[in-house]
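Just so it is clear, the model here is predicted, and its values are computed rather than measured.
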Amino acid sequence: KRMNEYPLTSLVTLALVLLGVLLANRVSSARLEFSQSDQPSVTQHSIEIYSDPKFMIVFRNQMNLLEHLILFLPTLWIFAFGLSDGLAAVVGLGYFTGRVLYARSYPHSHKVGYTLAWLSMLVLMIGAFASSIYQLVT
């Protein structure tokens, strides 16, 4: 029976999935809050919601996480495979913390969270590239 060889990286991945679920639930709640029951059609209903600045803050917060996860997750796992599960998890936890800080303070003072997440991603990219190149030349 084969066990998970990357339990720490798996936990960071699952924490990010959970953050995505929580932000998606916020969008769902915001849709209900900002929609009006007397809308004449689904199209008009969507236009009303997406033109509301408060709704767009919640929506963009969630979409920003999803847009960045597409880049982050493969980098995290290449780093874990090439270098270390533990080190990938530590750096990934930095990314997760940055994304939580970002989500909590978006759009007004999210720079600290964004910077922490960006630096974590940069470390992972450098490590992933370095380990892949090392494997090619050795």
Side-chain angles (χ1 to χ4, degrees):
K1 183 175 175 181
R2 188 175 173 127
M3 301 294 286
N4 183 351
E5 296 175 22
Y6 303 92
L8 299 173
T9 303
S10 297
L11 288 173
V12 169
T13 300
L14 291 169
L16 286 162
V17 169
L18 179 60
L19 179 60
V21 168
L22 292 173
L23 292 178
N25 285 338
R26 285 175 60 186
V27 171
S28 180
S29 295
R31 281 186 203 282
L32 292 173
E33 180 181 342
F34 297 115
S35 67
Q36 297 178 12
S37 60
D38 61 345
Q39 293 299 321
S41 71
V42 172
T43 305
Q44 182 63 33
H45 172 78
S46 297
I47 292 169
E48 286 281 325
I49 291 175
Y50 288 103
S51 65
D52 187 297
K54 291 178 184 175
F55 174 79
M56 288 308 295
I57 287 170
V58 174
F59 179 72
R60 283 303 311 148
N61 195 351
Q62 181 218 14
M63 290 309 297
N64 189 275
L65 173 69
L66 296 178
E67 291 161 357
H68 287 189
L69 280 181
I70 291 169
L71 306 173
F72 175 78
L73 289 174
T75 307
L76 173 72
W77 282 94
I78 292 167
F79 186 102
F81 293 147
L83 291 173
S84 161
D85 175 49
L87 194 52
V90 168
V91 179
L93 188 58
Y95 181 84
F96 173 79
T97 302
R99 293 310 307 189
V100 168
L101 291 172
Y102 181 94
R104 291 187 62 171
S105 58
Y106 184 84
H108 303 294
S109 58
H110 61 281
K111 289 183 180 163
V112 171
Y114 181 84
T115 301
L116 180 57
W118 184 85
L119 288 173
S120 299
M121 178 72 168
L122 182 62
V123 168
L124 289 172
M125 282 193 305
I126 291 169
F129 272 114
S131 69
S132 297
I133 291 168
Y134 179 79
Q135 290 297 317
L136 284 173
V137 298
T138 59

Can you see which heavy atom on [X] is nearest to which on [Y], and at what distance?
X	Y	value
Phe72	Gly92	CZ-CA, 4.0 Å
Ala88	Leu76	O-CD1, 3.4 Å
Ala89	Val12	O-CG2, 3.5 Å

Inset, instruction - State, with a plain yes or no, whether a side-chain heavy atom of Glu67 is found less than 4.5 Å away from one of Gln62. - result: no
Inset, instruction - With the side chain counted from C-beta on, respond yes when Tyr102 and Val112 share a heavy-atom pair under 4.5 Å apart, and no when they do not. - result: no
Give a yes or no on whether [X] and [Y] share a hydrophobic cluster (residues Ile, Leu, Val, Met, Phe, Trp, Tyr; joining criterion: side-chain heavy atoms under 4.5 Å apart).
X	Y	answer
Leu122	Leu93	yes
Leu119	Tyr106	yes
Tyr95	Leu19	yes
Leu101	Leu124	no
Phe79	Leu116	no

Rounded distance [0.5 Å steps], [atom1] in [X] versus [atom2] in [Y]:
X	Y	atom1	atom2	answer
Leu69	Leu73	CG	CG	5.0 Å
Asn64	Arg60	CG	CZ	6.0 Å
Ser28	Leu23	OG	CG	12.5 Å
Ile126	Ser131	CD1	OG	12.0 Å

Legend entry - Residues in side chain to side chain donor-acceptor pair (under 3.5 Å) contact with Thr9, at least two apart in sequence or another chain: Asp85
Inset, instruction - Go through the structure and list residues passing side chain to side chain donor-acceptor pair (under 3.5 Å) with Thr13, not counting sequence neighbours. - result: Trp77
Legend entry - Trace of the side chain to side chain contact (heavy atoms under 4.5 Å, CB included) decision for Arg31 with Val58: CA-CA 10 Å; Arg31 281 186 203 282; Val58 174; over 6 Å; no
Legend entry - Neighbour count >12 (heavy atoms, 6.0 Å) for atom CZ, Arg104: no
Legend entry - Test item: Thr75 side-chain N/O and Leu71 main-chain N/O as donor-acceptor pair under 3.5 Å: yes
Legend entry - His110 side chain vs Pro107 backbone, donor-acceptor pair below 3.5 Å: yes
Inset, instruction - Please determine if Glu33 and Arg26 form a salt bridge, counting it only when a charged side-chain N lies under 4.0 Å from a carboxylate O. - result: no
Inset, instruction - Before giving the answer on side chain to side chain contact (heavy atoms under 4.5 Å, CB included), spell out for His68 and Met121 the whole-Å C-alpha distance, their side-chain angles and the decisive distance to 0.1 Å. - result: CA-CA 10 Å; His68 287 189; Met121 178 72 168; over 6 Å; no
